[in-house]
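A short worksheet on the structure shown next.
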Amino acid sequence: MTIDKTFDPAAIEARWYAHWEDNGLFRPERPEAEPYTIVIPPPNVTGSLHIGHALDDTLQDVLIRHARLKGKDALWVVGTDHAGIATQMVVERQLNAQGRKRTDFTREQFIAKVWEWKEESGGTITRQLRRLGASCDWANERFTMDEGFSKAVLKVFVDLYNQGLLYRDKRLVNWDPGLKTAISDLEVETKEVQGSFWHFSYPLADGSGAISVATTRPETMLADMAVAVNPEDGRYRALIGKSVKLPITGRLIPIVADEHADPELGSGAVKITPGHDFNDFEVGKRAGFKPAEMLNMLDAEAKVVQTADGLIPADYLGLDRFEARKKVVAAIEAEGRLEKVEDRVIQTPYGDRSNAVIEPWLTDQWYVDAETLAKPALEAVRSGAIKVVPESWTKTYYNWLENIQPWCVSRQLWWGHQIPAWYDADGQVYVAEDEAAASALAGGKALSRDPDVLDTWFSSALWPFGTIGWPDQAGQQPPEAYRAGGAGKASKLQRHYPNDVLISGFDILFFWDARMIMQGLHFMGEVPFRTLYLHGLVRAADGSKMSKSKGNTVDPLGLIDKYGADALRFTLTAMESQGRDIKLDEKRVEGYRNFATKLWNAARFAQGNGIGASSSIEPPRAELAVNRWIIAETVKTVQALDLAIADLRYDESANTIYHFVWASFCDWYLELIKPVLAEGADPAQAAETRAVAGWVLDQILVMLHPFMPFITEELWHALGTRDYDIIVATWPMADARAIDPAAQQEIDWLIRMVSEVRAARTGLNVPPGARLPAYARGASEETRRRLAANAVAIARMARIDLAEGDAPAGGAAQVVVDEATYVLPLEGVIDLDAERARLAKGIAAAEKERDSLAARLANPAFVEKAKPEAVEKARADHAEKSLEAEQLGAALARLG
RNA sequence: GGGCGCAUAGCUCAGUGGUAGAGCACUGUGUUCACACCGCAGGGGUCGCAGGUUCAAACCCUGCUGCGCCCA
């Protein structure tokens, strides 16, 4: 197959992805091989691929493809998340657009509509993952609402309940009045907003005076149950135990002593509304109010409802909380009890999805005892059972888990895993995996199921084991068994749990990663993954956060269309340094598209010169220094790449292969072998060179495959007939025996020699095409041998012809390389001043370094205390720089 | 208030003790039979500031300044 003159990524990508998937190459049968496992952070089933996914999934694909090339049984578990609130919101919005709402339908009808939407749009993101080249195990794609996974979710709920780690409780919850559901602490965003601080004067019941309180939420006074003062506060000691008669409601409430009241803040006395404030809830409990007795004045939409004592005037009922606020303030002012109003910045909680102001609300919800589950999760990271990369995140992880609160897992939604709890007529709860089992527990009483669903993160926490056979395959064999040798017989769960690596953005460290660790340890008895790699956010080129509202999002599909998936993947990999956000500049993507084009053209050159597929994994035998050199460079690249990938240094791995391909292989090796392949050259040398070049190119393609899967597969086949596709090829061997220091020194010298001559020519404005004779002066025997051996390459690349004898008298450029000086006569055309300046500049540079090294060596403390290698290197460098300065000085002197 | 991180060439970033690096951008030059999405050559940095440790500091320690993120 002839390689086209132009590189067209789009055509290649479509072809190879289908080929890989149709032939099952993402998960070849390798029952005896060492397992390697990653589970994808499941994207929202109805979502679409954004640049953050592109980064996250590229990083995973690099590791999976690398592991597959290393011969491992690489499994990348793929699937999608039902994304409870987000998905339900989308469908509700669609209904609203048609002038209907969720409650116009039965729960079953509505859920059917969500499934319809899932069928309609559910394939989008998985199609887009394919465009990116993600080599996931599509044959076993999972969904958090599918039957098997749902079974795992129910089992976890029931087991945790039976173990006392999951319970129903009445306490304040973060209530989202927009979505009308409870949400967890993590789903609340606190923002600073400009508000007011109202100071009220509450009259004492006995008419003996009044007490001042201040509040940022005056409407809650309709449900006040106490006024608290600090027990140490002398001003109020006499009032403790007395009662206050509230304005508007006339409710009699006690003045209580509580540490929560800060004497320094406001008047030092605070109103207590246990049913509508987290701090007040705790004060109320200490004051002896049971949660069930705490007054509630709001409904699910945060409108005023009558409190249990019936004291709220009728004209307040049904008001929105913010209207009620105005009315309360007006009424208090009318009574002359508004002392003052101050402007104040208020920390206000918002729902991260709805952006509604969150209302602390007293309800019955299901809670997970996160504190208990957190202990082993903390220990797993402390002990190193899970390695966190970058390590600095461990502190954040510890801090969160050490202060973890009960996790509210029930949501007042219809879309999701319905909670497996049933109630009898008396409100007694029965938790079981299905209604029959619950009924048995209830002794056949009539039951109704809890209408709520579970937090989506409750289910996704089970992803590392719920996707690979748990609970069905659990308990067959301990996980150690397959490692002891029973690989072929072990279940999928045993082979692939624990997973090897989890890659996620740091933004879901608490939401997902930590909860997977908690649930994995609890249900599997082992960590879910051995390494947790956290990457940053992808930002716009100017560093701002990408957001739809700002309109500065970058569409990964658009970049793929424009530059190819390989270029996008390489960009994201090269820019991924541990612990830093990525500022994505399209210029970088363009640059890596150029890199792909460079490789494409190098392969075209190879093909045009009879260089093709290599027949061996091991390097071919080679005599020529240039071939021995490039083999050594290849091996060094494999070593560096293996190290970088093992350390999860993506930037380093990408840069290593980039530099090798462009600089070593294209700029030097291919140029150096052109004369060897030219007509009339030695046939044996040409054959050796073709074999070596073909081998190196093959190693390049394999090493580059994890980063640029499409172009490498295309070129792999274009360069010859293959027994297998590159996706399942063999990773290069890093065989140190192939490294030949003598050849390396020789080519290193050659590169320096050519570079020096080129620089001199440019510096003296010698026309690029002009060929000059060159007379070697003071060259050692070894240098003369090298000059002879590489004469053709030197002639071609430096455009000089080595001449015998002494240089003729007259103006000449002089180039110093090591001990030798090369004299390039320029018969009158040379600008002698320019040459003097050029030499003087070189002398100055060499002398500066020589003197600096001399000063260091003259310091006895350095020679005594520094490492011997450092002293040795300083001596060698000093000698080298001295020689260079001397040689250049002699050359300058000869110019006169 | 607590925690984490960042400050290195015009830009984006590597570099964690031994003579400052890459890509892009910039300047000059070149249509030599893979590639102008290219080649060749070049300019450009008191490594935020101030102390300290060390024979030696961009790198380790302390403080300061500025910026970002998370938690309360």
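Computed from a predicted model, the values in this text were never measured in an experiment. In what follows, chains carry the letters A, B, and so on, assigned in the order in which the sequence lines appear, proteins first and then strands, with residues in each chain numbered from 1.
As a whole-Å value, the separation of A:F506 CZ from B:C71 C1' is 14 Å. As a whole-Å value, the separation of A:R761 CZ from B:G42 P is 14 Å. Rounded to an integer number of Å, the gap from A:H878 NE2 to B:G18 C1' is 16 Å. As rounded to whole Å, 14 Å separates atom P of B:C69 from atom NZ of A:K191. Distance CG (A:N594) to C1' (B:A25): 14 Å, rounded to an integer number of Å. Rounded to an integer number of Å, the gap from A:F570 CZ to B:C24 P is 13 Å. Across the protein-nucleic acid pair, A:L672 atom CG and B:A34 atom P stand 15 Å apart, rounded to whole Å. Per the geometry, CD belonging to A:Q347 stands 13 Å off P belonging to B:G1, to the nearest Å.
Judged by distance alone, with hydrogens and angles left aside, the side-chain atoms of A:E13 form no donor-acceptor pair with the main-chain N or O of A:A10 at under 3.5 Å. For A:D566 (side chain) and A:I711 (main-chain N/O), a donor-acceptor pair under 3.5 Å exists by modelled atom type.
Taking a cutoff of 4.0 Å between a charged side-chain nitrogen and a carboxylate oxygen, A:E359 and A:R217 qualify as a salt bridge. Between A:D877 and A:K873 a salt bridge is recorded (basic side-chain N to carboxylate O distance below 4.0 Å).
For the residue pair A:E576 / A:T573, no side-chain donor-acceptor distance below 3.5 Å is found, with atom types taken as modelled.
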Practice task
Verify salt bridge (Lys or Arg N to Asp or Glu O under 4.0 Å) between A:K562 and A:E586, making sure each step is shown before the conclusion.
Solution key: CA-CA 10 Å; A:K562 200 163 166 193; A:E586 194 173 320; 2.6 Å; yes
Exercise for the section: With salt bridge (Lys or Arg N to Asp or Glu O under 4.0 Å) as the test, would you mind laying out the steps for A:R836 and A:D833 before giving the verdict? Expected result: CA-CA 5 Å; A:R836 280 195 198 94; A:D833 285 338; 2.8 Å; yes
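For the C1' atoms, the distance from B:U27 to B:C35 is 23 Å, rounded to whole Å. Separation of the C1' atoms belonging to B:A56 and B:G18 is 7 Å when rounded to the nearest angstrom. B:A58 and B:C49: their P atoms are spaced 11 Å apart (whole Å). Separation of the C1' atoms belonging to B:A14 and B:A50 is 27 Å when rounded to the nearest angstrom.
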Validation: residues 595-612 of chain A side-chain donor-acceptor distances under 3.5 Å, sequence neighbours left out:
| residue | atom | partner | partner atom | Å |
| --- | --- | --- | --- | --- |
| A:T597 | OG1 | A:R593 | O | 3.0 |
| A:W600 | NE1 | A:D4 | O | 2.9 |
| A:N601 | OD1 | A:R604 | NH1 | 3.1 |
| A:N601 | ND2 | A:T597 | O | 3.1 |
| A:Q607 | OE1 | A:I3 | N | 2.8 |
| A:Q607 | NE2 | A:M1 | O | 2.6 |
| A:Q607 | NE2 | A:A718 | O | 3.1 |
| A:N609 | ND2 | A:F605 | O | 2.8 |

Give the table of side-chain donor-acceptor pairs shorter than 3.5 Å for residues 754-763 of chain A, with sequence neighbours excluded, one pair per line with atom names and distance.
| residue | atom | partner | partner atom | Å |
| --- | --- | --- | --- | --- |
| A:S755 | OG | A:I751 | O | 2.8 |
| A:R758 | NE | A:M797 | O | 3.2 |
| A:R761 | NH1 | A:A770 | O | 3.1 |
| A:R761 | NH1 | A:A798 | O | 3.2 |
| A:R761 | NH1 | A:R799 | O | 2.8 |
| A:R761 | NH2 | A:P767 | O | 3.1 |
| A:R761 | NH2 | A:P768 | O | 3.3 |
| A:R761 | NH2 | A:A770 | O | 2.6 |
| A:T762 | OG1 | A:R758 | O | 3.0 |

For residues 393-402 of chain A, run the donor-acceptor check on the side chains, cut-off 3.5 Å, and write out each pair with its distance to 0.1 Å, sequence neighbours left out.
| residue | atom | partner | partner atom | Å |
| --- | --- | --- | --- | --- |
| A:T394 | OG1 | A:E391 | O | 2.9 |
| A:Y397 | OH | A:A377 | O | 2.8 |
| A:E402 | OE2 | A:R382 | NH2 | 2.5 |

Which donor-acceptor pairs under 3.5 Å do the side chains of residues 639-655 of chain A make with protein atoms, sequence neighbours left out?
| residue | atom | partner | partner atom | Å |
| --- | --- | --- | --- | --- |
| A:D642 | OD1 | A:W731 | NE1 | 2.8 |
| A:R649 | NE | A:D651 | OD1 | 3.4 |
| A:R649 | NH2 | A:D651 | OD1 | 3.2 |
| A:R649 | NH2 | A:D651 | OD2 | 3.0 |
| A:Y650 | OH | A:L59 | O | 3.0 |
| A:S653 | OG | A:R649 | O | 3.3 |
| A:S653 | OG | A:Y650 | O | 2.8 |
| A:N655 | ND2 | A:D651 | O | 3.1 |

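For A:Y822, there are no ring pair (Phe, Tyr, Trp, His ring centres under 6.0 Å) partners, not counting sequence neighbours. For A:F278, there are no ring pair (Phe, Tyr, Trp, His ring centres under 6.0 Å) partners, not counting sequence neighbours. Residues passing the side-chain contact (heavy atoms from CB on, under 4.5 Å) test with A:E872, sequence neighbours excluded: A:R875.
Residues from residues 598-608 of chain A placing a heavy atom under 4.0 Å of any atom in RNA chain B, listed by number, are A:K598, A:N601, A:A602, A:R604, A:F605. Residues from residues 393-401 of chain A placing a heavy atom under 4.0 Å of any atom in RNA chain B, listed by number, are A:K395.
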Handout entry: Protein proximity profile, nucleotides 8-14 of chain B - base contact B, sugar-phosphate-only contact S, no contact -, cut-off 4.0 Å on heavy atoms
Key = ----BSS
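Checked against B:A34, B:A41, B:C38, the side chain of A:K674 finds its nearest nucleotide in B:A34. Nearest nucleotide to the A:K5 side chain, out of B:G39, B:C4, B:C35: B:C35. Proximity note for A:K587 (side chain, C-beta onward) versus B:A41, B:C38, B:C24: the nearest is B:C24. Listed nucleotides B:C40, B:G18, B:U32 differ in distance to A:A870; the shortest reach to its side chain belongs to B:G18.
To the nearest 0.5 angstrom, A:Y669 atom OH is 8.5 Å from A:T634 atom OG1.
Closest-nucleotide positions on RNA chain B for A:D877 and A:Y658 were compared, and the one nearer the 5' end corresponds to A:D877. Between A:F665 and A:R539, it is A:F665 whose nearest contact on RNA chain B lies nearer the 5' terminus.
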N/O to N/O distances under 3.5 Å, protein versus nucleotides 53-56 of chain B:
| residue | atom | partner | partner atom | Å |
| --- | --- | --- | --- | --- |
| B:C55 | OP1 | A:K865 | NZ | 2.4 |
| B:C55 | O2' | A:N859 | ND2 | 3.0 |

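Within the 4.0 angstrom heavy-atom criterion, no nucleotide atom of any strand lies near A:K848. A:R593 comes within contact range of at least one nucleobase, with a heavy-atom separation under 4.0 Å. Among the heavy atoms of the strands, none lies under 4.0 Å from A:D507.
In the displayed structure, A:K674 atom NZ is contacted under 6.0 Å by more than 12 heavy atoms of other residues, nucleotides or ligands.
Judged by the 6.0 Å and 45° rule, A:R690 forms no cation-pi pair with A:W695.
Taking the six-membered ring for Trp and the full ring otherwise, the centers of A:Y592 and A:Y563 sit at least 6.0 Å from each other.
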Practice task
Fill in the dot-bracket string of RNA chain B, one character per base: . for unpaired, | for a pair to another strand, ( ) or [ ] for pairs within the strand, taking Watson-Crick or G-U pairs under 3.5 Å.
Solution key: ((((((((.[[[[.)..(..]]]].(((((.......))))).....[[[[[..)....]]]]]))))))).
